[in-house]
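Everything below concerns the one structure shown next.
All heavy atoms count here, side chains included; hydrogens, waters and symmetry mates do not. Within every chain, numbering begins at 1; the chains are lettered A, B, ... in the order of the sequence lines, protein sequences first and strands thereafter.
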Number of protein chains: 2
Amino acid sequence: MRLFWQHGYEGTSLTMLTSAMGITPTSLYAAFGSKDGLFREAVELYSAPEASPTDRAMGAPTAREAVERMLRGNADAYADPDTPPGCMVVLSGINLAEGHEHVGRYLAGLRRADLDKVRARIRRGVEEGDLPAGADPDVLASFAVTVLHGLSVQARDGAGRERLQAVVDGAMAGWDRLAR
Amino acid sequence: MRLFWQHGYEGTSLTMLTSAMGITPTSLYAAFGSKDGLFREAVELYSAPEASPTDRAMGAPTAREAVERMLRGNADAYADPDTPPGCMVVLSGINLAEGHEHVGRYLAGLRRADLDKVRARIRRGVEEGDLPAGADPDVLASFAVTVLHGLSVQARDGAGRERLQAVVDGAMAGWDRLAR
DNA sequence: CGATTTATGTAGTGTTCGCTACATAATTGC
DNA sequence: GCAATTATGTAGCGAACACTACATAAATCG
């Protein structure tokens with residue numbers, strides 16, 4: 001998972017994987033079927049709901065709090081020095097050679113699912129009254145997710161926890177202007 | 001340039017390049033020295049100051065206007081259906097195999113240079129009084145660039161011009177809360 | 001024109017890629 | 001304990017990778 005996270009799908013070779021896992025290609029293929037299969041299991045491990053800051057944040061009592069927790073939780077994860085910087089789902093399949101487009105679509109689908117979750121949480125906020133009726137869930141969700149994805153690039157460019165949290169400060173200020 | 005832009009540095013093979021350019025590997029190497037050399041010339045063409053929305057935007061009369069022009073100009077470019085979606089400097093070298101780290105550092109340096117340009121323009125705005133003295137150029141520039149980079153991912157995920165511009169609306173609202 | 005230089009195509013180089021046939025070792029089930 | 005099944009290591013598959021030696025064609029220049 002960490003190799004794919006750091007180097008991306010194509011940037012991680014079977015040699016890197018087998019030596020890191022301490023097994024031979026035969027065992028890897030017996031257990032995972034293909035490089036694709038291993039990658040998907042790695043992504044599933046990465047984005048397991050019980051550990052995903054995004055999924056956990058959606059349970060917050062208000063939509064604003066859910067978005068803020070999502071951004072702050074992911075910002076901290078992106079800047080964690082014990083793991084590769086940024087988000088695996090955003091970074092590991094951004095640019096792919098011909099023949100691997102399905103990997104990009106798979107990751108784009110996960111990003112889309114996150115966007116949908118955020119938008120649904122925002123809609124709920126409008127329904128429950130903690131957001132004004134005029135708030136546009138589409139725009140608010142796109143804004144939040146755009147900042148989220150930008151944080152991954154910032155983290156990969158070396159931004160630390162404080163810097164990312166300062167960006168979230170700005171994003172939440174923008175949220176308060178948009179959500180009224 | 002378009003191939004590297006679409007598929008990234010490693011995702012673009014010499015076969016793709018030579019067939020697209022209509023030349024043989026020998027001619028390519030005689031003209032550009034290496035795949036790296038061609039990639040760098042492609043990036044330089046992509047980010048030529050006279051065509052770069054970011055460089056052109058920095059000439060705006062106020063810092064706020066400069067940032068807004070940068071975001072809106074790049075958003076339009078990212079969503080241009082005639083070119084690959086998103087920013088080549090952000091997307092073409094995010095995830096690299098071992099041995100190609102220098103390509104990633106090269107692109108990160110360009111991103112850093114853009115961040116520095118934005119921060120310098122913001123500092124000038126504080127000096128010239130169109131931004132309040134308490135505005136923090138570091139935070140404002142990081143916020144603007146984070147949104148900018150997030151727009152690239154949104155564009156690659158299929159967001160169109162209107163959607164990206166709506167995100168910029170939100171970002172500028174956030175700017176107005178931060179810059180006071 | 002003839003000689004030199006420059007540019008281009010042909011046909012490969014060695015390396016690494018994802019992946020697998022085959023044989024051996026470990027484990028399981030009766 | 002012995003056969004059947006499962007798991008693992010060895011060695012190497014064809015294909016694609018970035019790149020280049022060599023020969024030929026084009027252009028330049030006296």
Of the non-hydrogen atoms in Leu151(B) and Ala75(B), which two are nearest, and what is the gap between them? CD1-CB, 4.2 Å

Value in whole Å for how far the P atom of dC19(D) lies from CG of Leu28(B): 9 Å

So, Glu65(A) and Arg69(A), do they make that salt bridge, N to O below 4.0 Å? yes

Will you find, in the side chains of Glu10(A) and Asn95(B), an N or O donor that is under 3.5 Å from an N or O acceptor? no

Here the distance between atom C1' of dT20(C) and atom CZ of Phe32(A), to the nearest Å, is 18 Å

Considering only residues two or more places apart or on different chains, which pairs with a residue in residues 92-117 of chain B satisfy ring-ring contact (aromatic ring centres under 6.0 Å, His included)? Tyr9(B)-His100(B)

Between CE of Met21(B) and P of dA7(C) the distance, given in whole Å, is 15 Å

Atom-pair distance (CG on Asp36(A); P on dC17(C)), nearest Å: 16 Å

Between Glu68(A) and Arg72(A), does any side-chain N to carboxylate O distance fall below 4.0 Å? yes

Which salt bridge (Lys or Arg N to Asp or Glu O under 4.0 Å) pairs, counting each pair once, include a residue from residues 139-159 of chain B, with sequence neighbours left out? Arg111(A)-Asp157(B)

Summarise protein proximity over nucleotides 8-18 of chain D in one line of letters, 5' to 3': B for base, S for sugar-phosphate only, - for none, counting protein heavy atoms closer than 4.0 Å. BBB------SB

